[in-house]
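The next block holds one structure in the form of structure tokens; read it before the comments.
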2 protein chains.
Amino acid sequence: MEKSSSITTFEEHLEKRYGQEGEEKRMAFEAKAKAFAIGELIKEERRLSNMTQEQLATKTGTKKSFISRIENGKSDIQLSTLYRILELGLGKKISFTIE
Amino acid sequence: MEKSSSITTFEEHLEKRYGQEGEEKRMAFEAKAKAFAIGELIKEERRLSNMTQEQLATKTGTKKSFISRIENGKSDIQLSTLYRILELGLGKKISFTIE
DNA sequence: TCTTTTGTTCCATTATTCGTTAACTTTACG
DNA sequence: CGTAAAGTTAACGAATAATGGAACAAAAGA
């Protein structure tokens, strides 16, 4: 049985976009790791706030299935989505630092 | 003459997505402000690196027109795009802090 | 164990980014 | 000034995030 050719995971997406060689491969890995890390961050904050995925979804105008995908790093989300979840949903402030 | 109904700016996008009332309006404003802020950040770093938009575009596998859109906050970019520009393009490390 | 709640995955549809070209505008500089 | 370089904007197709629903899986509680 052949695997479906459609891209369903962030990992596959990155592999396709960045390829599999050298610097670009490393970049892809880091981007994936960061999506994961952000997902974990959201999950952690949500649990600290004693919320279910469904409650967070309702608060941010989406569905629990979407929250689940984000928390598991399976989607390459937009910045506004990140803000919406963290600020509107969890009441946190997020800031970027570049070094 | 009627204005086109298609959404072309991040501002319009947010207005449509979040509506125009109370908390949600505030959120939309802040998201817009952040897109702008990140664009400014990128522009600043690019100039410090003495690069043109075209050079940054080439380095990140895109075109100067896209870089321009990002720097002016006209696009709600994906996280992977943010990483690609800042890390692959400008050699910076980016980290998130939530408070 | 059984039941309920919570979380995950899959599918189809819609909306929007991304990539690109071309035309235009602004800035830099001779 | 005039010209070239740099930056902006619009428009388009293609790729894909966002969305909603449903079915399934896992965890929690009685």
Side-chain angles (χ1 to χ4, degrees), chain A residues 1 3-19 28 31-32 35-36 38-40 42-44 46-47 49-85 88-89, chain B residues 1 3-19 28 31-32 35-36 38-40 42-44 46-47 49-85 88-89:
Chain A
M1 180 78 79
K3 203 183 167 197
S4 165
S5 67
S6 69
I7 290 178
T8 53
T9 67
F10 189 31
E11 177 164 4
E12 288 175 277
H13 157 69
L14 290 167
E15 183 173 323
K16 186 183 176 200
R17 167 167 286 172
Y18 294 103
K32 179 179 61 178
F36 245 136
I38 286 175
E40 285 295 330
I42 290 173
K43 184 185 290 185
E44 195 180 315
R46 174 176 61 80
R47 286 178 170 162
S49 300
N50 261 68
M51 271 198 250
T52 66
Q53 289 185 340
E54 192 151 36
Q55 290 172 320
L56 180 54
T58 298
K59 204 163 181 185
T60 53
T62 183
K63 302 293 172 186
K64 61 179 183 174
S65 56
F66 186 50
I67 300 294
S68 175
R69 262 183 290 154
I70 292 173
E71 287 188 352
N72 290 297
K74 301 204 167 159
S75 190
D76 181 13
I77 62 174
Q78 296 170 3
L79 281 178
S80 66
T81 300
L82 183 63
Y83 296 138
R84 193 153 46 102
I85 303 294
L88 181 59
Chain B
M1 180 79 79
K3 203 183 167 195
S4 165
S5 67
S6 70
I7 290 179
T8 54
T9 67
F10 190 31
E11 177 166 3
E12 287 175 279
H13 157 69
L14 290 166
E15 184 173 322
K16 186 184 176 197
R17 165 166 289 168
Y18 295 103
K32 179 180 62 176
F36 247 133
I38 286 176
E40 286 294 330
I42 290 172
K43 184 185 290 186
E44 195 180 315
R46 175 176 62 80
R47 286 177 170 165
S49 301
N50 261 68
M51 271 198 250
T52 65
Q53 289 183 339
E54 191 150 36
Q55 290 172 320
L56 179 56
T58 299
K59 203 163 181 185
T60 53
T62 183
K63 303 292 173 188
K64 63 176 183 175
S65 57
F66 186 51
I67 300 294
S68 175
R69 265 186 283 161
I70 292 172
E71 288 188 350
N72 290 295
K74 303 208 165 155
S75 189
D76 181 13
I77 62 175
Q78 295 165 217
L79 282 177
S80 65
T81 301
L82 183 62
Y83 297 138
R84 194 152 48 101
I85 304 294
L88 181 60

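Since the structure is predicted, the reported quantities are computational estimates derived from the model, not experimental observations. Sequence lines set the chain letters: A, B, ... in the order given, protein chains first and strands last, and positions in each chain run from 1.
- Rounding to whole angstrom units, NZ of residue B/Lys63 and P of C/dA22 are separated by 11 Å.
- For the pair A/Leu56 CG and C/dG7 C1', the interatomic distance rounds to 13 Å; values are reported in whole Å.
- Using a 4.5 Å heavy-atom cutoff, the side chains of B/Thr60 and B/Phe66 are not in contact.
- Across the protein-nucleic acid pair, B/Leu79 atom CG and D/dT16 atom P stand 16 Å apart, rounded to whole Å.
- Checking D/dT19, C/dT8, C/dG19 against the side-chain heavy atoms of B/Phe66 singles out C/dG19 as nearest.
- Atom CE of A/Met51 is separated from atom CD1 of A/Ile67 by 9.5 Å, given to the nearest 0.5 angstrom.
- Phosphate contact (OP1/OP2 of C/dG19, side-chain N/O of B/Thr62, threshold under 4.0 Å): present.
- Distance alone, capped at 3.5 Å, places no donor-acceptor pair between the A/Thr81 side chain and the A/Ile77 backbone.
- Between A/Asn72 and the phosphate of C/dT8, there is a side-chain N or O to OP1/OP2 separation shorter than 4.0 Å.
- For B/Arg69, counting side-chain heavy atoms from C-beta on, the closest listed nucleotide (D/dA10, C/dG19, D/dT19) is C/dG19.
- One finds a salt bridge joining A/Arg46 and A/Glu71 here, because a Lys/Arg side-chain nitrogen approaches an Asp/Glu carboxylate oxygen to under 4.0 Å.
- The interatomic distance linking B/Asp76 (CG) with D/dT16 (P) rounds to 17 Å, in whole Å.
- Taking 4.0 angstrom as the limit, B/Lys64 places none of its side-chain polar atoms (N or O) nearer than this to OP1 or OP2 of D/dA6.
- Here the nucleotide nearest the side chain of B/Gln78, chosen from D/dA6, C/dT17, C/dT8, is C/dT17.
- Side-chain contact check for B/Gln55 versus B/Lys59: every heavy-atom pair is 4.5 Å or farther apart.
- Checking the phosphate oxygens (OP1, OP2) of D/dA18, a side-chain nitrogen or oxygen of A/Thr81 falls inside 4.0 Å.
- Residue A/Thr52 places its side chain closer to C/dG7 than to any other of C/dT20, C/dG7, D/dA6.
- Taking atom CG on B/Leu88 and atom P on C/dC18, their separation rounds to 15 Å, with Å as the unit.
- Counting any heavy atom pair closer than 4.0 Å across all strands shown, B/Arg46 reaches sugar-phosphate atoms only and no base atom.
- Rounded to an integer number of Å, the gap from CD of B/Glu71 to C1' of D/dT9 is 14 Å.
- Checking the phosphate oxygens (OP1, OP2) of C/dT9, no side-chain nitrogen or oxygen of A/Ser68 falls inside 4.0 Å.
- Distance, A/Lys43 NZ to D/dA27 P: 11 Å, rounded to whole Å.
- The phosphate of D/dT8 has OP1 or OP2 within less than 4.0 Å of a side-chain N or O from B/Gln53.
- In terms of polar N and O atoms assigned as donor or acceptor, the side chain of A/Ser65 comes within less than 3.5 Å of the base of D/dG21 in a complementary pairing.
- Side-chain nitrogen and oxygen atoms of A/Lys74 include at least one within less than 4.0 Å of the OP1 or OP2 phosphate oxygen of C/dT9.
- Nucleotide C/dT6 holds its P atom 11 Å from the CG atom of A/Asn50, rounded to whole Å.
- Each of C/dT20, D/dT19, C/dG7 was ranked by its minimum atom distance to the side chain of A/Arg84; first place goes to D/dT19.
- B/Ile67 comes within 4.0 angstrom of nothing in the nucleic acid, heavy atoms only.
- Distances shorter than 4.0 Å separate some side-chain N or O of A/Ser75 from OP1 or OP2 on D/dA18.
- How far CD1 of B/Ile85 is from OG1 of B/Thr62: 7.0 Å, rounded to the nearest 0.5 Å.
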